[in-house]
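Only one structure is covered here, and it is reproduced in the block below.
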Number of protein chains: 2
Amino acid sequence: MPTRTAAQRRAEARAAYDAFIAECPTRHLLDRIADKWVSLALAALAGGPMRYSELSRRLAGVSQKMLTQTLRNLERDGLVTRTVTPSVPVRVDYALTPLGENLAGLMRSVKEWAEAHMDDVLTARAAYDDATGAPGSG
Amino acid sequence: MPTRTAAQRRAEARAAYDAFIAECPTRHLLDRIADKWVSLALAALAGGPMRYSELSRRLAGVSQKMLTQTLRNLERDGLVTRTVTPSVPVRVDYALTPLGENLAGLMRSVKEWAEAHMDDVLTARAAYDDATGAPGSG
DNA sequence: CAGTATCCTATCGGATACTG
DNA sequence: CAGTATCCGATAGGATACTG
């Protein structure tokens, strides 16, 4: 039996990647970039290259583990470059690649959306909790 | 004792919210919206209102638990509305609020970014894994 | 300075079963 | 149809200690 019709093959070619499909690799990519530390790291680097310690301070409260893990993933995915200067002590600079800059702009918008609409969300939460009689700890 | 100086109060008023600060409530909000299921749900609803079962099918592979949890949070945060039609069987429609539409556009861009640059990322990963000799399972 | 390695707990999130 | 409730393994992610 035929596995795909011509129409299906055409549809596939047009769709290429679709994160709505569970098996699509973009689902994993979306999961990776839709992340608190990723958005903060990219937003920080959007202002220019930064050293590890600078990032650590800028992303207040981030653990070494998460910062390193986030930066490694971003590097592997081609979104940031890691430049080691073998001085003493060693100096490591992180910078956005062109690909990373592309996404950084987007993630900065998301971060700014959160900051701009915090009050609206807080109001909505209060109304919801009031209506449902929920504790509303957040 | 004075809790804040005039300078501090001015700085606060200007900064308002800043997700780079660990204690800022926007940090939690960012963590909530920077999420795979949130971005997919909002992206789906950007096309118009949808029933629970429609969303369940569109977000292929999502479990009832995660879909319901995601929608509840979005409702509580004032990003979507939930409309119950007490027919038999019951019918529930989800739609974006104006606030939700605002964010949905952004999250759709993120989803589309992932789909558009999947190949670039795949190439970068291959190069990274090749250079480091890593297994590169992803 | 810029990590790596290990431990450990909280939460994420799927599977399954049940309900109005 | 649109959920709720429960169980449970996977992993996210902080704390701490150590290293070139």
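Every chain is numbered from 1, with letters handed out A, B, ... down the list of sequences.
Counted by atom type alone, A:Tyr52 and A:Thr68 present one or more donor-acceptor pairs between their side chains at under 3.5 Å. Donor-acceptor pairing under 3.5 Å is lacking for the side chains of A:Tyr128 and B:Asp77.
Each of A:Thr68 and A:Pro89 lies near DNA chain C, and the nucleotide nearest A:Pro89 is the one positioned closer to the 5' end. When each of B:Leu71 and A:Val90 is assigned the nucleotide of DNA chain D bearing its nearest heavy atom, the one mapping closer to the 5' terminus is B:Leu71.
Under a 3.5 Å cut-off, the side chain of B:Thr97 and the backbone N or O of B:Gly100 do form a donor-acceptor pair. Proximity of a side-chain donor or acceptor of A:Glu115 to a complementary backbone N or O of B:Ala19 within less than 3.5 Å is detected.
Using a cutoff of 4.0 Å between basic side-chain nitrogens and carboxylate oxygens, B:Asp93 and B:Arg82 are not scored as salt-bridged.
Stem analysis of DNA chain C (Watson-Crick or G-U pairs, both distances under 3.5 Å, runs of at least three) returns C:1-20 with D:1-20.
What you find for B:Arg58 and B:Ala44 is that their closest heavy atoms are CG-CB, 4.1 Å. Contact between A:Leu74 and A:Ala41 at its shortest, heavy atoms only, is CD1-CB, 4.2 Å.
Proximity of residues 28-35 of chain A to DNA chain D (heavy atom under 4.0 angstrom from any strand atom) is not detected for any residue. Contacts between residues 38-65 of chain A and DNA chain C, counted as heavy-atom distances below 4.0 Å, involve A:Arg51, A:Tyr52, A:Ser53, A:Gln64, A:Lys65.
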Any chance you could lay out the side-chain contact (heavy atoms from CB on, under 4.5 Å) test for B:Thr85 and B:Val90, step after step, and finish with the verdict?
CA-CA 6 Å; B:Thr85 305; B:Val90 70; 6.0 Å; no
B:Asp18/B:Arg27 under salt bridge (charged side-chain N to carboxylate O under 4.0 Å, His left out): CA gap, chis, key distance, verdict
CA-CA 8 Å; B:Asp18 182 357; B:Arg27 177 68 71 89; over 6 Å; no
Could you walk me through whether A:Asp35 and B:Lys36 pass the salt bridge (charged side-chain N to carboxylate O under 4.0 Å, His left out) test, one step at a time?
CA-CA 8 Å; A:Asp35 174 83; B:Lys36 175 180 53 175; over 6 Å; no
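Geometric assessment of A:Lys111 against the ring of B:Phe20 yields a positive cation-pi assignment under the 6.0 Å and 45° thresholds.
Of all nucleotides in DNA chain C having an atom under 4.0 Å from a heavy atom of chain B, the first and last in 5' to 3' order are C:dG13 to C:dA17.
A:Glu75 meets the salt bridge (Lys or Arg N to Asp or Glu O under 4.0 Å) test with no other residue; sequence neighbours excluded. Shown here are the salt bridge (Lys or Arg N to Asp or Glu O under 4.0 Å) partners of B:Asp120, two or more places apart in sequence or in another chain: there are none.
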